[in-house]
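Structure first, then comments.
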There are 2 protein chains.
Amino acid sequence: MQAASIHSFDQAIALEPVGDHRWRGATHPAWQNMVGPFGGISAATALQAVLRSPDLLGTPLALTVNYASAIASGAFEIEAIPVRTNRSTQHWTISLTQADAQGQAQVALTATAVTAIRRSTWQGQDVNLPSLRPPSEVERRRVPTHAWTERYEMRIAQGALPTTWDGTDHGSRTQMWVRDDPPRPVDFVALASLADVFFPRVYLARALAVPAGTVSITSYFHANDADLARVGDGYLLAEAWGQAYRHGFFDQAARLWSADGQLLVSSQQVVYFKE
Amino acid sequence: MQAASIHSFDQAIALEPVGDHRWRGATHPAWQNMVGPFGGISAATALQAVLRSPDLLGTPLALTVNYASAIASGAFEIEAIPVRTNRSTQHWTISLTQADAQGQAQVALTATAVTAIRRSTWQGQDVNLPSLRPPSEVERRRVPTHAWTERYEMRIAQGALPTTWDGTDHGSRTQMWVRDDPPRPVDFVALASLADVFFPRVYLARALAVPAGTVSITSYFHANDADLARVGDGYLLAEAWGQAYRHGFFDQAARLWSADGQLLVSSQQVVYFKE
């Protein structure tokens, strides 16, 4: 039995060591999506296997997660291997497997990560911070279709889900304030999950809820530990938009910012869709 | 001896099978960068190992390449394994190794790819096509510092390299026409390379040629074979911009379009820089 005081996010990404660079975890009902767990929590769990390693160098810089199949409810194993360690960067190869009906391990997720030691350099930003009214003035939207959507407080200033699914042409951009519900201090695993918090852009672009699911997501982390400490459990500014929809797949880009305007994460993903 | 009629791009990505899902290749002097080969040609070579596989399903959808170390001049081996094959998608794990002085295989590059069968669906684009004068009216820029830069005809309408490296604040956006030199019909490996054709954005943002190199690049392919056949060996519209520069790393985004306005590739990369 898990203590109620452990945040469901931390319960969901909990890993038990079962060998050299090998970990066992389990899906969590609070983070369930339509089929299998929310992709963000799976990405966070893959990253957690890296962060738990005694060999870890630095903090996360880049994470790519490929969703090879739906993850079944229950146990899984993650292998996270540091295949190359340089002076200031480290390269990780990750896979998540589950036993099939015959007891054979099947790959359900592959990933790569780069961790890096951060140092002080020139800094700048060449993208525009969205201008939103403060969180208290933006309505919280709930879409209680799947458990995971209740794990985030989403205050959507632009680009909420359509209220009428009428197939008309809409823009695909969402701008919102977001934080964990209940609040939880932001760390790298939280950011890995939040990068996937946006509904499939095709829902907005078409005002049609066609079947859709992330195939691959890549996120870059622009923060160090001190930056994240400043954010604490405050709201993040979050923005996403679709790009090209064609031949059964589309891509969407996303950015997560601190409330004081630091770009924390830039991310893109490719998503399958039907019709 | 290779016939002069084989394009240097095809020479550079040539692979010889050396085992189950294993291939041998070699660096090519015409594609040399500052330290090791141009990252684009290495990405293309990794993808080529996927495309050469007799097990291949579909065409490239997503490619992530992590540059774990400089690739030394000479031979390398690539392993490209289809770790999961679904009805319409296939997931690949790729690594490039070279023998060190002790003859031990060292990982110089890791990658993942997703290939997919494309089917006819609704299509749309939610990003703006840059408006450029035709290629004949845009000056070709040459930066013959490294061999690979001569492999591409770059007609830069906006965001050429600074002519004075004065450390002043500049925008980081480049818009240009680009094609292989000599021309070569565009295919997926060509796009994988072209996605990396842009100079590090920090050169533009700062007007300072600080040390910089790609750590990881992810590209999504929005074209099918018929789309690419329409492009032929014509010019592509190419656009890139920097996003956040901080703690020794920055990210840049890129898009490649056909001349008639189809987004062919969206890409992002994270780059280390000094100072």
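Just so it is clear, the values below take in all heavy atoms, side chains as well, and ignore hydrogens, waters and symmetry mates. Naming: A, B, ... by sequence-line order, numbering from 1 per chain.
- Your options are B:Tyr220, B:Tyr245, B:Trp241, and the one with the most heavy-atom pairs under 4.5 Å with chain A is B:Tyr220.
- For the residue pair A:Gln262 and B:Arg246, a side-chain donor N or O sits within less than 3.5 Å of a side-chain acceptor on the partner.
- The contact between B:Thr110 and chain A is made entirely by side chain atoms (from C-beta outward), counting heavy-atom distances below 4.5 Å.
- At a 4.5 Å heavy-atom cutoff, B:Ile94 makes no contact with chain A through either its backbone or its side chain.
- Interface residue B:Ala244: backbone and side-chain heavy atoms are both found under 4.5 Å from chain A.
- Rounded to the nearest 0.5 Å, atoms CD1 (A:Ile117) and NE2 (B:His247) are 14.0 Å apart.
- Between the OG1 atom of B:Thr64 and the CD1 atom of A:Ile217 there is a distance of 11.0 Å, given to the nearest 0.5 Å.
- Between chain A and the residues B:Arg201, B:Arg84, B:Arg173, B:Gln106, the largest count of heavy-atom pairs under 4.5 Å involves B:Arg84.
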| Trace of the side-chain contact (heavy atoms from CB on, under 4.5 Å) decision for B:Tyr67 with A:His91 | CA-CA 9 Å; B:Tyr67 301 94; A:His91 288 259; 5.6 Å; no

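- Proximity to chain B involves both the backbone and the side chain of A:Trp122, based on heavy atoms less than 4.5 angstrom apart.
- When heavy atoms are compared at a cutoff of 4.5 Å, B:Ser172 approaches chain A by way of both its backbone and its side chain.
- Looking at B:Val215, both its backbone and its side chain come within 4.5 Å of chain A, counting heavy atoms on both sides.
- With a threshold of 4.5 angstrom between heavy atoms, B:Ser267 approaches chain A through N, CA, C or O but not through any side-chain atom.
- Heavy-atom distances place both the backbone and the side chain of B:Asn224 under 4.5 Å from chain A.
- Inter-residue side-chain proximity for A:His222 and B:Phe250 is flagged as unmet; no heavy-atom pair is nearer than 4.5 Å.
- There is no contact between B:Ala253 and chain A, counting heavy-atom distances below 4.5 Å.
- Among residues 268-275 of chain A, the residues having any heavy atom closer than 4.5 Å to a heavy atom of chain B are, in sequence order, A:Gln268, A:Gln269, A:Val270, A:Tyr272, A:Phe273, A:Lys274, A:Glu275.
- Contacts of B:Thr93 with chain A are made by side-chain atoms alone, with heavy-atom separations under 4.5 Å and no backbone atom involved.
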